Amino acid sequence: MPHILPRTFYARPSIVVARDLIGKTLVRNLAGGVCLRGIVVETEAYGGTKDPASHAFRGMTPRNEIMFGDAGFSYVYFTYGFHNCLNVVTGRKGRAQAVLIRAMEPIEGLEKMKELRGGSTGDPVNLTNGPGKICQALAIDRSLNKVDITKNNSPIYFESSNLEQLGRKVLKSSRIGISAGKDKLWRFYDSSSPYVSHRGKINLGPRLPFRLSRP
DNA sequence: CACTAGATTTTCT
DNA sequence: GAAAATCTAGTGG
């Protein structure tokens, strides 16, 4: 039986949480009882004030304040004038660690996701193969910043998945889109998922068919 | 398929 | 004032 990931899951180093979130289910409850779900296939870990790529590198600001709080809360930020990105706060209070959710495989509510993404996106993979795309497909914006993601009435939470054990191979690489801290291999992804972002540049491994075709 | 320019606005220096 | 944890459309091979 799937269960909501508790705060103890998040209260560990971001690198561990990022790795363990691969294969978990991201659940987004919309108003009106609509539920959207997807399997997490790509994440990135961000350290606190010691990580030059982290928003917390230069200390606490109004934007990153939630990173300095307890684990198990959302950190949603807006960037490049267009896009929102979803993170979960991890580690011990004050450490300011977080994990960026970069890609997922949709498993429920695909029609609603398409609609939120503005209709056809060409290749179905384009629905959720990037941090900005996930937020658009799941209707996530800054109004969902600082949300407790360990409650079953939360608009966002993660749960354990029956699909976790389906032979996923988790690989790691340097993080994407950053200028400092590229030496750290803190990006984790399911090597066989077609939904992983930046395929072909960094990712090796075969592009398998849609995972939903599996039992 | 590979590469890049351009969009657009928040955030912090 | 500059940079940004990105995306899309467009070009060229």
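Protein chains get the first letters and strands the later ones, always in sequence-line order, with residue 1 at the start of each. Just so you know, these numbers come straight off a predicted model, no measurement behind them.
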Select base, sugar-phosphate, or nothing to describe what A/Ile178 touches, counting heavy atoms under 4.0 Å on all strands. sugar-phosphate
Within the structure shown, what part of the strands sits under 4.0 Å from A/Phe78 by heavy-atom distance: base, sugar-phosphate, or nothing? sugar-phosphate
So if I take every side-chain heavy atom of [X] and compare against [options], which nucleotide ends up nearest?
X        : options              : value
A/His83  : C/dT6, B/dT10, C/dA5 : C/dT6
A/His55  : C/dA5, B/dC12, C/dC7 : C/dA5
A/Met67  : C/dA5, B/dT8, C/dT8  : C/dA5
A/Arg117 : B/dC12, C/dA5, C/dT8 : C/dT8
A/Leu100 : B/dT8, C/dA5, B/dT10 : C/dA5
A/Tyr75  : C/dA5, B/dT8, B/dT10 : C/dA5

Counting heavy atoms not belonging to A/Arg95, are there more than 12 under 6.0 Å from its CZ? no
Interatomic distance where [atom1] belongs to [X] and [atom2] belongs to [N] [whole Å]:
X        : N      : atom1 : atom2 : value
A/Glu65  : B/dC12 : CD    : P     : 11 Å
A/Phe82  : B/dA7  : CZ    : C1'   : 4 Å
A/Ile134 : C/dT6  : CD1   : P     : 12 Å
A/Asn64  : B/dT10 : CG    : P     : 18 Å
A/Ile101 : C/dT6  : CD1   : P     : 14 Å
A/Gln97  : C/dA5  : CD    : C1'   : 16 Å
A/Tyr77  : B/dT11 : OH    : P     : 12 Å
A/Asn87  : C/dT6  : CG    : C1'   : 14 Å

Quick check: any donor-acceptor pair below 3.5 Å linking the side-chain of A/Tyr80 to the base of B/dA7? no
Who pairs with B/dA5 - Watson-Crick or G-U, where each distance is under 3.5 Å: C/dT8
Return yes if a side-chain donor-acceptor contact under 3.5 Å exists between A/Glu105 and A/Thr128, otherwise no. no
Assess A/Arg102 against A/Phe188: is NZ or CZ under 6.0 Å from the centre of the six-membered ring, and within 45 degrees of the ring's axis? no
Within 45° of the ring axis of A/Phe9 and under 6.0 Å from its six-membered ring centre, is that where the NZ or CZ of A/Arg7 lies? no
Taking only the side-chain nitrogens and oxygens of [X], find out if one of them lies under 4.0 Å from OP1 or OP2 of [N].
X        : N     : answer
A/Arg102 : C/dT6 : yes
A/Ser179 : C/dA4 : yes
A/Arg58  : C/dA4 : no

Same apolar cluster (I L V M F W Y, side chains within < 4.5 Å links), A/Phe158/A/Val17: yes
Is there a donor-acceptor contact under 3.5 Å from the side chain of A/Ser54 to the main chain of A/Gly47? yes
